[in-house]
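Both ligands and their constituent atoms are indexed starting at 1 by order of listing. We count residues from 1, following the sequence as given.
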Amino acid sequence: MIRENVHRPMTTTDPIHRNPHLPFGDQQTSPFYGNDILTVNQFSRDDLVYTFGVAHEMREMVTRVGTFDLLKGKILGNLFYEVSTRTATSFATAIQRLGGSVIQINEVKYSSVAKGESLPDTIRTMEAYCDVIALRHPEVGSAALAARYASKPVINAGDGVGEHPTQALLDLFTIVEEQGHVDGLTITLLGDLRYGRTVHSLARLLSKFDVKVHLVSPPSLRMPANVMAEVLESGLSPTEHDTLNGVLPKTDVLYVTRVQKERFANPADYESVKSSYVVDEETMAMAKESMTLMHPFPRVNEIAMEVDADPRAAYFRQMGYGMYVRMALLAMVLGKA
Ligand code: ASP
């Protein structure tokens, strides 16, 4: 399944190996122990196999016992400067399923951020109380900035239009669970590829595999040049399209995204592209019987609700997989996996 020759060199965004205190019982050999998770580029194919193996174990344990004490006594700081439903709640659930607890800051306007506190100061405050921090922030590079100031692991839970690494990991886990493998698949990313951070991370992750990728978007919402340059360098050659019809019949995984209204400077520009694609029963009739339909959610109008009953619609299962992957990541960075 794994294309061995694709292994990115370490870059400045790679995890900081910071030799933290090692509480008794922590497994110092855990590959991400004490590290930040800032970008999918930190994950080699071997790391992905390892992470998904741990996620599988988490799934089994949750099915068998629901909650268990692997991270008993550990506290997650969930610091969200932008709205979130799935990421915030699945991180909170993940730490609690592992016997730990969470400090949730959803509305930074009720914290000292509203008094003008800087991100570095807020992060240093949170780490005084927590063992690991999940950060969502509107600015690209904010998680990396936070990680420079924190001595505890920082997990990027979405940095503006930059990356959303834990989402891409759960997206890839979903593909493995639904399709059984990754290599050899034709994967189509549809919608707002310019502002959608989930597809920026997913495209980078897919470039580690032997897959065919189609990118379908309005011309104004194409994948950014820097992401394209990175994936091309990794040996992936995505093709760009305005319409879905030509690529749909050969697609094994259709990954639909929302047009990211909040990223548009000019509302008229959003209005002109907001309904570019709608996946409905008619669309699904042209797709493979074995296709997997994914969406990171929230959905606005890009997948009709009539499609939800189609067994190929995997987006609600995808949300569930997210908890197992985030449980795995928390256990890994805290040295218990
Ligand atoms: N929930 C995802 C994100 O935070 C996708 C979206 O908002 O459209 O990026």
Side-chain angles (χ1 to χ4, degrees), residues 37-40 78-94 104-108 133-144 146 154-175 187-206 215-218 220-224 227 253-264 269-270 273-279 293-305 307 313-323 325-326 329:
I37 295 177
L38 304 177
T39 162
V40 289
N78 240 0
L79 181 58
F80 279 62
Y81 289 71
E82 276 190 340
V83 294
S84 170
T85 302
R86 276 145 294 273
T87 306
T89 51
S90 67
F91 263 117
T93 311
Q104 186 76 45
I105 300 195
N106 268 345
E107 286 276 12
V108 290
I133 297 164
L135 173 70
R136 171 166 291 188
H137 194 281
E139 278 163 39
V140 177
S142 50
V154 172
I155 301 178
N156 182 0
D159 62 334
V161 300
E163 276 220 40
H164 196 344
T166 66
Q167 175 73 45
L169 291 167
L170 81 86
D171 292 340
L172 192 67
F173 185 71
T174 303
I175 294 173
I187 298 168
T188 300
L189 310 183
L190 173 76
D192 185 350
L193 308 183
R194 178 178 180 185
Y195 298 121
R197 56 192 168 202
T198 71
V199 282
H200 301 166
S201 291
L202 185 57
R204 289 177 168 114
L205 213 44
L206 290 174
L215 304 175
V216 183
S217 69
S220 61
L221 299 179
R222 292 276 192 251
M223 188 66 84
V227 183
V253 176
L254 178 59
Y255 187 99
V256 184
T257 64
R258 170 180 72 92
V259 178
Q260 310 277 299
K261 182 178 183 182
E262 66 276 25
R263 310 290 180 207
F264 285 75
D269 292 343
Y270 169 72
V273 287
K274 71 174 187 193
S275 300
S276 298
Y277 310 101
V278 178
V279 173
L293 178 63
M294 296 172 61
H295 192 306
F297 267 53
R299 119 179 98 178
V300 182
N301 59 348
E302 55 282 342
I303 299 180
M305 283 181 75
V307 176
Y315 29 89
F316 295 113
R317 296 191 290 279
Q318 187 181 350
M319 294 170 195
Y321 297 136
M323 183 181 76
V325 170
R326 291 182 171 123
L329 295 171

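- Put simply, the side chain of Tyr81 does not reach to within 4.5 Å of the side chain of Arg136, judged on heavy atoms.
- For atom 5 (C) of ligand 1, the closest heavy atom belonging to the protein is Phe297 O, 3.5 Å.
- Using cut-offs of 30° and 60° for the angle between ring planes, the Tyr315 and His295 rings count as perpendicular.
- Taking a 4.0 Å cut-off on heavy atoms, Pro298 registers as neighbouring ligand 1.
- A side-chain donor-acceptor contact under 3.5 Å links Ser276 to the backbone of Val273.
- In this structure, of Arg197, Glu302, Arg258, the residue bringing a heavy atom nearest to atom 4 (O) of ligand 1 is Arg197.
- Close approach of ligand 1 to Arg136 is summarised as follows: ligand atoms under 4.0 Å from at least one heavy atom of the residue are 4 (O).
- Using a 4.0 Å cut-off between charged side-chain N and carboxylate O, Glu262 and Arg197 make no salt bridge.
- In this structure, Gln260 is part of the shell of residues with a heavy atom less than 4.0 angstrom from ligand 1.
- Between the Asn156 side chain and the Leu38 main chain, a donor and an acceptor come within less than 3.5 Å of each other.
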